[in-house]
Structures are given as structure tokens and as C-alpha cells.
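Notes follow the structure.
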Amino acid sequence: MSSEDSKLGAVVLLSGGLDSATCLAIARAEGFGALHTIAFDYGQRHRHELKAAAALAAKYGASHRVATIDLRAFGGSALTADIEVPKDRPADDMSHGIPITYVPARNTIFLSFSLALAEVTGCRDIFIGVNALDYSGYPDCRPAYIAAFQQMANLATRSGVEGLATGQPAIRLHTPLIDKTKAQIIQWGQSLGVDYAMTHSCYDPSPDGLACGHCDSCILRRKGFLAALVPDPTHYVPGHPN
């Protein structure tokens, strides 16, 4: 990355979860001085993540935006429709098929918004915390998808077209976590000083934002802390072992 790129800054998709918080810390560590974070209020049942995103953005001194998109208009997911969130699924089930917590076209929608933000802020770099290992069932977390979106971004935007024409760096998607295990992500984040107690990952939290401990996201998060040999700072509902 050139010093000019760091001056331009970077856009970071910030859900408030463990992965996106780590991405934010990585973007800061890579020297991007101006950080522009974007979160989405899309009708998700776990809206507590938005508070976490705002707090994380403030900690890192990022310019933070929340885009409101009501994906409940389409439904089709346990996160945006009256569909029960799966609980206590075995690892084999989580590694096969596309889970009901997949939100149709979510990353395509989110990346499109972040692309618009990048153009407005003059950024060439966009960070997203997709992971193809722990969330292998999500089609919009695969490397092939990211590569295809980056190609589209450089074809469909003024900054992409003008950048390529002048030989300047074009729009780049950064997916530093895409091939990492949850434990590796946590260890990386720890080395960068990420406070994971500030993050929220649960798909089906209590009304006051406590993690259920039984959804796929909670299970993968807890296993990650165990494998990383790092104490789990998650606040669970009463009765769930910490």
C-alpha cells in the first residue's frame, strides 16, 4: 500500500461482530489513517450488533454510518423472517449446505453500499470480514464471489474505470480473514488489541442483548476462544456456562 492510499483511507464493513471488529483493527494496523465504517440496520433480529458496531467505530476513531434497508420485505432467512433460529447443530451440519440463517444476497447488497461509500469518500480499499472456513455454507463468503464482485466494482464505478485508465490502483476488496479459523482470527485480533467483549455475534440474543450460546454463531465463537486458549468474554444468558 502506498502512502497515498493510506491518506485516502478505507471503508470497513462493521457489523459489530468478532470478525468485522478484527478487520477494523487490521485496517488500522495496515496504516489506513481515515477509516469509514458502515453498518446495516436491515431488519435483523439481532439488532444489538448495531450498538457494538457504533462503540467499536468510536474506539477506533472511524467515521461511522448506519444504512437502513428493510430486508424483511423479502424474508427467506431466520434473521429477517418469522423462522426459528437453529440451535445446537452439530459441526457436520454446520459445514454442509446453506443454513437458514443465510440472508439472500446480503453481502452483495452490503458491498454495493460500501462501494458507493468508497466512491464518495475517495477510498480505493474496502475491508469485509467474510470467512470461507467457519461459514462455508454461505455462498457469498467464498473467494470466487469476492473476486467476481471486485471485477464488477472496477467495471461499474467511475473510480474503478478512471483508476484503471490512468494506471492508478483500482478498487480493491480486502478479505484478510477468508482462510482463517476462528481461533486464528481471535489470536490475530488479540495481537492487535481487539477488545472482544465489545463485540456481538449471537443470532438470537435475549431482549437485553445477552448471547443465547446455542445458535451456530455462538457455538463457532465459543469454540474459537477455546481453541485459541483465550478466555471467552461473551455475556451469555443466565445458566449458560462461560
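Below, each value reflects all heavy atoms present in this structure, side chains not excepted, and no hydrogens, waters or symmetry copies.
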I need the full list of salt bridge (Lys or Arg N to Asp or Glu O under 4.0 Å) pairs touching residues 37-50, with sequence neighbours left out, sorted by first then second residue. Asp41-Arg47, Arg45-Asp204

Here the gap from Leu24 atom CG to Asp19 atom CG, rounded to the nearest 0.5 Å, amounts to 12.5 Å

Whether Tyr196 and Phe225 hold their rings parallel, tilted or perpendicular, with breakpoints at 30° and 60°: perpendicular

Quick one: ring-ring contact (aromatic ring centres under 6.0 Å, His included) partners of Phe74, sequence neighbours excluded? none

Is any side-chain N of the basic residue among Arg106 and Asp140 closer than 4.0 Å to the acidic one's carboxylate O? no

With sequence neighbours left out, the residues meeting side chain to side chain donor-acceptor pair (under 3.5 Å) with Asp179 are none

For Lys51, check side chain to side chain donor-acceptor pair (under 3.5 Å) against everything at least two apart and list the hits. none

Test ring-ring contact (aromatic ring centres under 6.0 Å, His included) applied to Tyr42 - qualifying residues, sequence neighbours left out: Phe110

Does Asp82 have any side chain to side chain donor-acceptor pair (under 3.5 Å) partners at least two apart in sequence or in another chain, and if so, which? none

Taken in chain and number order and not counting sequence neighbours, the residues that satisfy side-chain contact (heavy atoms from CB on, under 4.5 Å) with Ala62 are Leu35, Thr37, Ala57

Taken in chain and number order and not counting sequence neighbours, the residues that satisfy ring-ring contact (aromatic ring centres under 6.0 Å, His included) with His46 are Tyr203

Run the ring-ring contact (aromatic ring centres under 6.0 Å, His included) test against His48 and tell me which residues pass, sequence neighbours left out. none

With a cut-off of 3.5 Å and sequence neighbours excluded, list every side-chain donor-acceptor pair involving residues 187-195.
from	atom 1	to	atom 2	distance (Å)
Ser191	OG	Trp188	O	2.5
Asp195	OD1	Ala197	N	3.1

Residues passing the side chain to side chain donor-acceptor pair (under 3.5 Å) test with Thr108, sequence neighbours excluded, are Tyr145

How is the hydrophobic cluster of Ile83 composed, in terms of its other members, when Ile, Leu, Val, Met, Phe, Trp and Tyr link through side-chain heavy atoms under 4.5 Å apart, directly or indirectly? Ile100

